[in-house]
There are 2 protein chains.
Amino acid sequence: MVKVPKLKLDSYQPLRDVIFETLRKAIISGDIKPGERLMEVSLAEQMGVSRTPVREAIRRLEAEGLVTMVPRKGTHVSELSSKDIIDVLEVRGALDKLATSLAAKRVQPQQIRALESIHKQFISCVEKGNMEGAIRKDIEFHDAIYAASGNSRLIGVLSSLKEHVYRFRVIYLRDLNIAEHVEQEHQQILEALREGNAERAAELSENHIRNQMDAIVEALNQKKL
Amino acid sequence: MVKVPKLKLDSYQPLRDVIFETLRKAIISGDIKPGERLMEVSLAEQMGVSRTPVREAIRRLEAEGLVTMVPRKGTHVSELSSKDIIDVLEVRGALDKLATSLAAKRVQPQQIRALESIHKQFISCVEKGNMEGAIRKDIEFHDAIYAASGNSRLIGVLSSLKEHVYRFRVIYLRDLNIAEHVEQEHQQILEALREGNAERAAELSENHIRNQMDAIVEALNQKKL
DNA sequence: GTTATGTTTTTTGTATATAATATACGGTAA
DNA sequence: TTACCGTATATTATATACAAAAAACATAAC
């Protein structure tokens with residue numbers, strides 16, 4: 001049975017947005033598992049709201065691909081096969097490459113400084129063995145590059161893909177050792193960006209994602225999914 | 001004032017889907033112009049339905065980026081600046097390249113035949129001066145390549161981007177001469193796919209989109225937007 | 001004439017009620 | 001026992017009703 005927390009209605013935001021975020025987090029974090037049904041009435045009751053905003057939130061989850069709707073039957077959390085995640089990573093690889101290449105051409109000095117700061121914090125997390133923090137800093141690092149690309153459409157598509165990657169990690173690979181090579185690769189990308197060398201930056205980021213994909217595929221094979 | 005046709009309720013489909021398609025077509029074809037407001041009550045009245053399915057359709061349009069919602073204020077059709085379309089084309093370029101490269105590795109003989117058939121029809125349209133038909137065949141050609149990529153996530157993202165490109169064409173470039181070079185470029189891509197030469201296919205498709213982008217940018221400059 | 005403020009109107013946000021459909025269950029006949 | 005049909009129930013789809021916020025307008029004060 002799906003369980004979600006009661007809502008906190010602090011700052012004013014439409015209920016649909018609050019509910020959307022709540023459900024989204026619950027799905028990404030694995031609290032609601034693939035295949036589980038989302039029933040409007042029960043969700044609405046648990047959250048203490050009516051069905052209307054719940055429906056709207058579910059529509060948005062569907063648009064993100066996190067849930068699947070069948071008309072007149074209902075909604076369930078989308079399954080996430082290894083084929084799915086490979087598909088996502090293929091797309092993400094191409095877009096990450098584009099983002100890094102654009103960023104090399106357009107990045108502002110202040111954005112470089114922000115990247116350096118994030119990278120330092122990443123290293124510090126790794127040294128302390130704080131994996132959760134390292135993952136967060138890894139995400140931040142890439143987000144900062146996306147932002148520096150100056151292409152808002154690209155940022156939007158990538159942020160939607162990111163959710164799926166993260167969801168996959170949570171479901172299958174809680175213990176994935178992310179720090180391997182990553183620190184060094186980030187360092188190199190950072191240098192290429194600093195030099196404004198778009199070609200090299202693109203190449204490095206392509207490799208970076210490919211390595212991640214390989215690590216995931218290998219981890220999957222070990223678990224023989 | 002936004003005008004939409006009354007709905008035909010032939011085959012059974014949820015109203016929200018019918019409404020979504022209706023509005024989507026109206027926006028893409030330019031019948032509803034950028035900046036125009038979408039008011040739930042008036043749309044619902046015109047279509048002879050209640051506000052509920054209209055709202056749900058609007059939520060989906062928002063997810064596609066075709067409209068922009070401001071809480072408690074309303075919804076309006078998204079503007080489409082030349083920056084926007086360049087952003088979209090940059091992303092599409094990267095993904096088209098990926099799709100073509102994957103297709104070269106995975107394409108089935110039967111899919112090759114389908115591509116050849118579409119390409120023949122494209123040529124025939126061009127010869128007859130049937131530009132509308134040629135544009136349709138151009139779209140079909142690329143769709144067939146996407147399908148051959150075997151990556152459903154990629155197909156999804158590309159189909160959403162496509163809408164924006166098409167919308168842009170309709171709004172700004174009704175007379176864009178699409179046939180220039182396109183026939184020859186399609187021919188070359190087709191050959192690379194037939195040979196399974198992923199590298200060459202990728203390169204060709206990258207060029208293909210870049211040429212399209214250049215043509216659009218040039219057309220924009222002539223209109224000094 | 002202009003600005004500020006109070007009131008009306010319009011429009012969206014949320015809740016609830018009704019309709020339609022799918023599913024589950026039970027009974028009956030082969 | 002099994003297959004089929006019908007009814008009951010659960011759930012979504014749509015409609016409507018009510019609440020709250022924003023915008024438009026008018027009026028009064030300066």
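Proteins get letters first, then strands, A, B, ... in listed order; numbering begins at 1 in each. Note that the structure is a prediction, hence the values are computed from the model and not measured.
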- Using a cut-off of strictly less than 4.0 Å between a heavy atom of the residue and any atom of DNA chain D, enumerate the qualifying residues of residues 55-73 of chain A by number. Arg55(A), Arg59(A), Pro71(A), Arg72(A), Lys73(A)
- Mind telling me whether His186(B) and His142(B) have parallel, tilted or perpendicular rings, with 30° and 60° as the class edges?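 Aromatic pair His142(B)/His186(B) classed perpendicular.
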- With DNA chain C as reference, determine whether Val41(B) or Pro53(A) sits nearer its 5' end, using the nearest nucleotide of each.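 Nearest-nucleotide comparison on DNA chain C picks Val41(B).
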Atom-pair distance ([atom1] on [X]; [atom2] on [N]), nearest Å:
X: Arg37(B); N: dT10(C); atom1: CZ; atom2: C1'; result: 9 Å
X: Arg16(B); N: dT21(C); atom1: CZ; atom2: P; result: 14 Å
X: Gln13(B); N: dT21(C); atom1: CD; atom2: P; result: 14 Å
X: Leu15(B); N: dA19(C); atom1: CG; atom2: P; result: 16 Å
X: Glu40(B); N: dG13(C); atom1: CD; atom2: C1'; result: 9 Å
X: Leu38(B); N: dT11(C); atom1: CG; atom2: P; result: 13 Å

- Query: Passes side-chain hydrogen bond (donor to acceptor under 3.5 Å, both in side chains), Asp96(B) versus Tyr146(B)? Steps please.
  - Reply: CA-CA 8 Å; Asp96(B) 216 292; Tyr146(B) 303 160; 2.7 Å; yes
- Item | Test item: Val41(A) and Glu45(A) side chains (from C-beta on) under 4.5 Å apart, heavy atoms |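 Of all side-chain heavy-atom pairs linking Glu45(A) with Val41(A), at least one is under 4.5 Å.
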- Message: Could you check whether any side-chain heavy atom of His164(A) comes within less than 4.5 Å of a side-chain heavy atom of Asp84(A), counting everything from C-beta outward?
- Response: no
- Test salt bridge (charged side-chain N to carboxylate O under 4.0 Å, His left out) on Glu90(A) and Lys105(B) and set out the steps. CA-CA 14 Å; Glu90(A) 277 177 354; Lys105(B) 293 170 193 158; over 6 Å; no
- Message: Classify Arg51(B) by what it touches in the nucleic acid, base, sugar-phosphate, or nothing, heavy-atom distance under 4.0 Å.
- Response: base
- Can Lys25(B) and Asp31(B) be counted as an ion pair, charged N to O under 4.0 angstrom?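 Result for this pair is no, no salt bridge flagged.
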- Item | Span of DNA chain D in contact with chain B (heavy atoms, under 4.0 Å) | dA13(D) to dA23(D)
- Please report the shortest heavy-atom distance between Ile19(B) and Ala57(B), naming the atom on each side.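 Of all heavy-atom pairs spanning Ile19(B) and Ala57(B), the closest is CG2-CB, 3.6 Å.
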- Message: Under the rule for side-chain hydrogen bond (donor to acceptor under 3.5 Å, both in side chains), what residues qualify as partners of Glu64(B), not counting sequence neighbours?
- Response: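 So Glu64(B) forms no side-chain hydrogen bond (donor to acceptor under 3.5 Å, both in side chains) with any residue.
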- Message: Does a side-chain N or O of Ser50(A) approach OP1 or OP2 of dA15(C) to a distance below 4.0 Å, or not?
- Response: yes
- Query: In a check of side chain to side chain contact (heavy atoms under 4.5 Å, CB included) between Ser117(A) and each of Gln121(A), Arg113(A), Lys120(A), which one passes?
  - Reply: Gln121(A)
